[in-house]
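To keep things clear, I will list the structure first and then write my remarks on it.
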Amino acid sequence: MKKALLGILCYCLLATAWAQNTPYSIQMAQSLMHTHQDSIQVKIGKSAIWDYEQGLFLKALEHVYQRTGDATYFQYMQKNINSFINEKGDIRTYKLSEYNSDNITTGRLLLSLYQETGEDKYRIAAEQLRLQISKQPRTKEGGFWHKDRYPDQMWLDGLYMLEPFYAEYSQVFHQNNWDDIALQFELMYKNAKDPKTGLLYHAYDHERKQAWASKQTGLSPNFWGRAMGWYAMALVDVLDYFPQQHPKRNMLIKQLNELSAALVKVQDQSSGLWYQLPTLGTQKGNYLEASCANMYVYAFAKGVRKGYLPSSYLGASQKAYASIIEKFVTKDAQGYVHLEKTVSVGGLGGTPYRDGSFAYYMSEPLKTDDLKGVGPFIMASLEIEIAKELEIGKGKKVVLDYYFNHEFRKNKQGNMERFHYTWEDRKDSGFQLLGVQTEQLGAKIDSLAQAPTLKNLAGAQVYIIVDPDSQKETAKPNYMRSQDADEIEKWVKAGGTLILLANDTTNCEIPKFNTLAKRFGMEFVGPNLNMVQGKNWHQGTLNISANNPVFKGLKKIYIKEISTIKLAGPAKSLEDLNGYSVMAMAQVGKGRVFALGDPWIYNEYTNNRRIPLEYENFPAAKKLMEWALKP
């Protein structure tokens, strides 16, 4: 009996310690994955279907995966999507003929999986959703109907359901749909905006035929909290893909600023939250609702992080988030957290008929762990967690070399594309995860496809050169020249941080690369170490010493086939292996140089989908960027 009680006590103490040290984003993700262990059931007791709530939650898990490098989230996401997609790319339970914009949302995960795995079934399934968009019924002005059974109606919800997928698809497959995407926001905003408050009504009927629609304006009667949340999230997510130079980009940012300002005005002053119907907070029966608050926190905090919104909105989001934790988050006896007080649904028309009145919105039941609240809660939590680290890279830029590393390949559509150690490449060969980590430290990422000069490096605090091409990789490689090394050296001495990542001597152009490395007392040489056979992961182990100034607190990383470094002058070894230096650093003028003989922080070795989690490549990549960005 005493042993049993002691075991229970130990479990409780461990659970408490875990909760105290684990971010809420992870706690909620793991709690819901525990609830939905096999597949995501939107309607408990009924078979899982292709549904926007499923897509919303899985997108939140994708964000957790990119934040943590824990492949558990990726595998859960892929397993759920695979339960709907066969090898031919058909989507189980999906019906194109419904022309339901809700069915587009989960397609964002198809795009993610296609970009990361290259499996055609995801592309083919995504093409079905793109086909729906091309045939989606429209109002006379060109706005997408929310659903075929809701003719001539645009709902705020629909902008989130359809546009982020439409935008990402356009970027991935190089389609110029940007005017059409912008048009949807222009029409929705123009027709739904209230000139007095700046808030957006839930929906409008272009033909004024619905009983809920004003005969003068076509608008629904009320401002609904979650509907405006969908719209705000749609704006910040579409801007991830919308071209920087497109003339309509500023229109989207202006909408976000205007709507955010209007929402802050109706934020409850005491709690920092929002009511189900935000302008009717004092009316009997109205209540503070969870999903809209999470959506606003996500949109505000991400808007600040991306530079779309003034920094003051971070304060508004932090105040709201503190109340979300206090008023809406509970914990069960097993230590799992739950989100309370999310309204189950909010719609217009249909059977039984929903008239958009105050009484209607108050009649919909509240749910615990509703995915429409949980998904945004996880995303909001991540943004609040990320915000604590943004000062590290604020106002700084990290430039990745695209000149010495300049590889192209033909994709499955027959087009030539850049790949291998690029920010954009989401497959194993890319640096996409490193780019996410860098941006989450507050820095901007950029690339340099020309020969480096003091002038074109002037705005960069960090410059990364990875695995320069040999003729084996590129027909006409851009070799490192003395004049290139001169320019880079001057930039380092002026205060820049240079990161040199070579490769083993058989897979990297080493001699000319050393033209630069030698300037700082470093020379990449043989022998190559950590020659790994198959999945003998231990052969790629590099133990991190306790006094390593870059990777302090880490124990070991995985690096295979690494070239060694011969040191002279100002260079000092950070890590030795078998008596050879494999990691080095030099202080040069006002700047610094870090060198390692392998590109070891690309996706394959940070996404943890292959190598064991005991290797700390993902946190090591983050620590390297933190070191590089700090003075």
Side-chain angles (χ1 to χ4, degrees), residues 397-408 418-423 425 429-431 434 446-528 561-571 581-589 591-602 624 628:
K397 185 166 67 172
V398 176
V399 172
L400 181 60
D401 164 65
Y402 282 19
Y403 179 73
F404 303 108
N405 169 53
H406 190 72
E407 294 181 71
F408 281 80
R418 286 291 309 263
F419 84 109
H420 222 189
Y421 313 132
T422 68
W423 297 128
D425 187 354
S429 52
F431 273 132
L434 181 67
D446 203 354
S447 57
L448 183 61
Q450 296 82 38
T453 64
L454 193 58
K455 183 177 180 181
N456 61 27
L457 286 172
Q461 280 68 45
V462 183
Y463 181 38
I464 307 173
I465 305 177
V466 185
D467 188 23
D469 297 339
S470 65
Q471 287 186 328
K472 183 173 70 175
E473 298 163 309
T474 305
K476 295 181 179 180
N478 295 314
Y479 292 127
M480 181 68 66
R481 304 167 301 173
S482 294
Q483 56 263 48
D484 301 323
D486 288 343
E487 296 293 297
I488 296 170
E489 184 180 8
K490 285 186 283 187
W491 174 80
V492 171
K493 286 181 175 179
T497 295
L498 176 65
I499 297 175
L500 302 177
L501 301 178
N503 210 329
D504 62 276
T505 55
T506 58
N507 285 303
C508 178
E509 192 296 301
I510 293 288
K512 293 180 176 61
F513 192 28
N514 279 332
T515 301
L516 175 64
K518 287 179 180 178
R519 299 291 181 96
F520 314 113
M522 305 172 186
E523 183 180 2
F524 296 105
V525 295
N528 298 318
E561 300 175 19
I562 182 172
S563 62
T564 54
I565 307 173
K566 183 180 177 182
L567 303 178
S581 175
V582 292
M583 182 191 300
M585 182 172 69
Q587 187 75 35
V588 182
R592 302 169 295 177
V593 181
F594 173 92
L596 195 150
D598 192 80
W600 63 289
I601 47 174
Y602 55 104
L624 177 61

Considering only heavy atoms from C-beta outward, does the side chain of His406 approach that of Arg418 to under 4.5 Å? yes
Gln587 side-chain N/O to Arg592 backbone N/O, donor-acceptor pair under 3.5 Å: no
Are Pro511 and Glu509 close enough that some pair of their side-chain heavy atoms sits under 4.5 Å apart? yes
Measure the CG-CZ distance between Leu448 and Phe404 for me, rounded to the nearest 0.5 Å. 8.5 Å
Evaluate the side-chain proximity of Phe524 to Ile565: yes if any heavy-atom separation is below 4.5 Å, no if none is. yes
Leu501 and Asp598 have their tightest heavy-atom pair at CB-O, 3.6 Å
Say whether, by atom type as modelled, one donor and one acceptor occur between the side chain of Asp484 and the main chain of Arg481 under 3.5 angstrom. yes
Looking only at non-hydrogen atoms, find the nearest pair between Pro527 and Thr564 and report the distance. O-CG2, 3.2 Å
Which heavy atom of Ser581 sits nearest a heavy atom of Met583, and at what distance? OG-O, 3.5 Å
Enter the distance from Lys512:NZ to Met480:CE here, rounded to the nearest 0.5 Å. 12.0 Å
Between CZ on residue Phe419 and CD on residue Glu407, distance to nearest 0.5 Å: 4.5 Å
Using the side chain to side chain contact (heavy atoms under 4.5 Å, CB included) definition, which of the options Ile562, Val582, Leu500, Ile499 pairs with Leu596? Ile562
Which pair of heavy atoms, one from Ala449 and one from Tyr403, lies closest together, and at what distance? O-CD1, 3.4 Å
For the backbone of Leu400 and the side chain of Ser447, can you confirm whether one donor and one acceptor N or O come within less than 3.5 Å of each other? no
Student check: side-chain heavy atoms of Asp469 and Asn405 closer than 4.5 Å: yes
Mark yes or no for whether Glu473, through its side chain, and Ser470, through its backbone, hold a donor-acceptor pair below 3.5 Å. yes
Return the NE2 to OG1 distance between His420 and Thr422, rounded to the nearest 0.5 Å. 9.5 Å
Rounded to the nearest 0.5 Å, how far does CD of Gln450 lie from CG of Leu457? 10.5 Å
Looking at Gly526, is its backbone amide N or carbonyl O close enough to the side chain of Ser563 to form a donor-acceptor pair, meaning the two atoms are under 3.5 Å apart? no
Report the distance from atom CZ of Arg519 to atom CD1 of Ile488, rounding to the nearest 0.5 Å. 9.0 Å
Please find the pair of heavy atoms, one from Phe520 and one from Ala571, that lie closest to each other, and give the distance. O-CB, 3.5 Å
Short question: side chain of Trp423, backbone of Phe431 - any donor-acceptor pair under 3.5 Å? no
Do Tyr463 and Pro452 touch side chain to side chain, with heavy atoms closer than 4.5 Å? yes
Side chain to side chain, Ile464 and Tyr421, heavy atoms closer than 4.5 Å: no
If we ignore hydrogens and angles and just use 3.5 Å, is the side chain of Asn528 paired with the main-chain N or O of Thr505 as donor and acceptor? yes
Side chains of Thr453 and Asn456: do they bring a donor and an acceptor to under 3.5 Å? yes
Can you see which heavy atom on Cys508 is nearest to which on Asp467, and at what distance? CB-OD1, 3.3 Å
Heavy-atom side-chain proximity of Met522 to Lys566 below 4.5 angstrom: no
With side chains defined as the heavy atoms from C-beta onward, is the minimum distance between Leu498 and Ile465 less than 4.5 Å? yes
